[in-house]
Every structure is written in C-alpha cells, then in structure tokens.
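See below for the structure under consideration.
Remember, it's a predicted structure, so these values are computed and weren't measured experimentally. To find a chain, count down the sequence lines: A is the first, B the second, and so on, and within it residues start at 1.
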Number of protein chains: 2
Amino acid sequence: MQRREVAVAQNTPSPQALEEISQFFRLLGEPTRLQLLCKLRQGPLDVASLIQATGFSQSHISRQLGQLQRAGLVTSERDGVRLLYRAEGQLVDDLCLLVQTRLRQRLEAQLESLAVA
Amino acid sequence: MQRREVAVAQNTPSPQALEEISQFFRLLGEPTRLQLLCKLRQGPLDVASLIQATGFSQSHISRQLGQLQRAGLVTSERDGVRLLYRAEGQLVDDLCLLVQTRLRQRLEAQLESLAVA
DNA sequence: GTGCTGTATGACGATAGACGCATTCTGCAT
DNA sequence: ATGCAGAATGCGTCTATCGTCATACAGCAC
C-alpha cells in the first residue's frame with residue numbers, strides 16, 4: 001500500500017511521493033543542516049564540537065540533529081557522557097555534488113558569455 | 001574569484017558554496033514548484049494549463065515559474081499571446097530519482113523489520 | 001493605434017520554521 | 001543513590017514565504 005504509493009512512478013512520482021521528495025529537499029534547504037552534514041561526514045562529532053565548529057547554540061544544533069536523525073541522515077552513539085553523531089550514507093554527498101557541479105557550470109557559462117560580450 | 005569561491009571544494013564545499021547549494025535545494029523543497037517541474041518535464045505548457053493541472057492561482061504559478069526561471073530550471077517562449085514554459089536539463093530528474101530511490105529503500109527496510117518482528 | 005488576453009507584480013494575511021534562553025530529561029561517574 | 005554534564009525540549013520572537021485578490025504590464029490580434 002505504502003509501497004505502491006511511493007513506487008507508482010515509472011517516471012512521474014505520485015502526489016504523495018512528490019510531497020515526500022520535496023520534504024527531503026526541504027531538509028537540505030537549510031544551510032545550518034547542510035553545514036552539520038558536511039562536518040559529520042568527515043567523522044563523528046559531539047554537540048560541543050559542532051557548537052564550536054558552527055557557532056550555533058546547543059539547543060539549535062540538537063534540534064537540527066534530531067531532524068536529520070529522524071530522516072535517517074545521521075545516527076548517534078553514546079561515548080561516555082557524550083553523544084557522537086555521524087553522517088549516514090552517501091546520498092547527500094551525491095546530491096550536493098550534482099548540484100555543485102551544475103552551479104559551477106552555470107557560472108562558467110555566464111563567465112563565457114561575458115567574455116564574448 | 002567567484003569561480004574559486006564555488007570551486008574550492010575538492011570535497012568540502014566552502015561556506016558560500018554551501019549557501020548556494022542549500023538555496024538550490026530550497027527551491028525543490030516546495031511541493032508546488034516540484035509539481036510544476038514534473039508537469040513541465042512532460043512537455044511545454046502555458047500558465048492556464050498549469051492552473052488547471054495544479055489548482056493554484058495564476059499569480060502563484062507565475063511567481064513560482066519566475067523563481068524556477070531565474071534559477072535556470074525552466075525557460076519560456078512566446079506562442080502567440082501565450083508563454084510556453086518548459087523544463088530545462090535533467091538535473092532535477094536525477095536528483096528526484098536519487099531521493100525517491102532512497103525513500104523507497106527506507107520504506108522497504110522498515111517493512112522488512114516489521115515482518116521479522 | 002486600440003482593445004483584449006495572458007502574465008507579472010503589489011499588497012496583505014496566515015503559517016512554518018529558524019533561532020536562542022530557560023528548563024527538563026537522560027545517562028554517566030562516583 | 002546522588003550529582004553533574006551533555007543533550008533534548010518548552011516557549012517566545014522574528015522573518016521569510018506561501019497563497020490569494022487586485023492591479024499593472026506586456027505583447028498579440030485586428
């Protein structure tokens with residue numbers, strides 16, 4: 001049932017699937033969260049380290065991590081009194097690389113059109 | 001200069017690049033815009049057709065198309081009194097496919113864990 | 001040039017969500 | 001069991017943006 005709703009697309013996602021896909025993108029659409037993911041992809045970190053690395057408050061970082069964890073993009077593991085968070089999987093890396101490549105191509109095209117003019 | 005700011009990442013995007021990448025994801029994080037992109041990828045459409053297809057108001061659709069156009073994801077072309085909008089490139093398709101696949105995998109994993117239990 | 005249609009934009013209200021302070025909760029260390 | 005540190009959550013404020021109605025603008029058709 002759920003499977004069918006999500007999977008109905010040979011090519012065109014169902015309205016329900018579109019909603020879920022867009023919510024996924026929305027997660028990545030916030031710089032704070034993307035920044036956290038970048039930090040965590042380099043290795044596990046506790047909240048204090050992330051506070052230091054980003055400058056955001058403990059509560060804010062905790063909340064963002066909660067969102068990322070519920071979406072399956074990060075996991076946490078106890079290390080003494082601390083929780084170590086780590087990035088899970090390669091999907092976000094892949095997505096960012098595609099977008100970044102595209103953004104660069106676009107800038108390069110613009111540079112070229114300026115040079116010609 | 002701009003090139004370097006965006007391109008600095010062998011692997012870790014610069015803060016500026018992260019901002020731009022997140023803004024790109026933010027564009028896709030709104031169901032309306034994603035829906036429009038899906039419609040337009042099947043062929044060029046005018047605003048009236050998009051109104052009919054989605055149920056949103058003319059002004060809203062026009063505004064969303066404006067955003068997508070400025071980001072280079074759609075183009076427009078005059079056809080008599082109408083403007084035909086069309087989706088540009090495959091990037092959004094690729095991104096959606098990656099995300100959709102992942103969402104499915106996640107659901108399937110959850111189904112499996114329920115079956116075992 | 002004029003009138004009309006299709007589209008873009010102004011103005012407004014409602015809502016979601018970022019963000020930080022304060023507090024509570026959780027689990028470790030003793 | 002107790003105390004403490006680290007993390008999660010309550011609450012309030014602020015901002016951005018969705019979405020619509022109304023209006024302005026752009027370009028076609030005559």
Fill in: Pair listing, salt bridge (charged side-chain N to carboxylate O under 4.0 Å, His left out) test, anchored in residues 43-72 of chain B, at least two apart
B:Asp46-B:Arg82
Using atom [atom1] of [X] as one end and atom [atom2] of [N] as the other, report the distance to the nearest whole Å.
X	N	atom1	atom2	value
B:Gln23	D:dA16	CD	P	12 Å
A:Gln64	D:dA7	CD	C1'	14 Å
B:Phe56	D:dC18	CZ	C1'	9 Å
A:Leu65	D:dA7	CG	C1'	10 Å
A:Gln52	D:dG6	CD	P	13 Å
B:Leu83	D:dC28	CG	P	9 Å
A:Arg82	D:dC4	CZ	P	17 Å
A:Ile61	D:dA7	CD1	P	10 Å

When rounded to the nearest 0.5 angstrom, what is the spacing between [atom1] in [X] and [atom2] in [Y]?
X	Y	atom1	atom2	answer
A:Asp79	A:Leu45	CG	CG	11.5 Å
A:Gln64	A:Glu30	CD	CD	6.5 Å
A:Phe25	B:Leu34	CZ	CG	6.5 Å

Practice prompt. For B:Glu30, report the nucleic acid contact type (base, sugar-phosphate, nothing); a contact means any heavy atom under 4.0 Å.
Written response: sugar-phosphate
Worksheet item: Heavy atoms under 4.0 Å, any strand shown: does A:Gln67 hit a base, just sugar-phosphate, or nothing?
Response: sugar-phosphate
Backbone of [Y] reached by a side-chain donor or acceptor of [X] within 3.5 Å:
X	Y	answer
A:Arg106	B:Ala71	yes
B:Thr54	B:Leu50	yes
A:Arg33	A:Leu27	yes
B:Arg86	B:Pro44	no

Item to complete: Show the numbers, then the answer: is there a side-chain contact (heavy atoms from CB on, under 4.5 Å) between A:Leu40 and A:Leu68?
Response: CA-CA 11 Å; A:Leu40 292 176; A:Leu68 295 172; 5.7 Å; no
Worksheet item: How far does the helix from C:dG1-D:dC30 to C:dT30-D:dA1 bend, going by the axes of its first and last five pairs, to the nearest 10°?
Response: 40°
Worksheet item: D:dG6 base to A:Arg78 side chain: any donor-acceptor pair below 3.5 Å?
Response: no
Can a side chain N or O of [X] be found less than 4.0 Å away from OP1 or OP2 on [N]?
X	N	result
A:Ser59	D:dA7	no
B:Arg33	D:dC18	yes
A:Tyr85	D:dA8	yes

Worksheet item: On DNA chain C, which is the earliest and which the latest nucleotide, 5' to 3', with an atom closer than 4.0 Å to a heavy atom of chain A?
Response: C:dG17 to C:dA29
Fill in: Nucleotide of D:dC11, D:dT17, D:dA7 approaching A:Asp46 most closely (side-chain heavy atoms)
D:dA7
Worksheet entry | A:Leu84 with A:Ile61, same ILVMFWY side-chain cluster at under 4.5 Å | no
Practice prompt. Between A:Ser57 and A:Arg26, just flag the one whose closest nucleotide in DNA chain C comes earlier from the 5' side.
Written response: A:Arg26
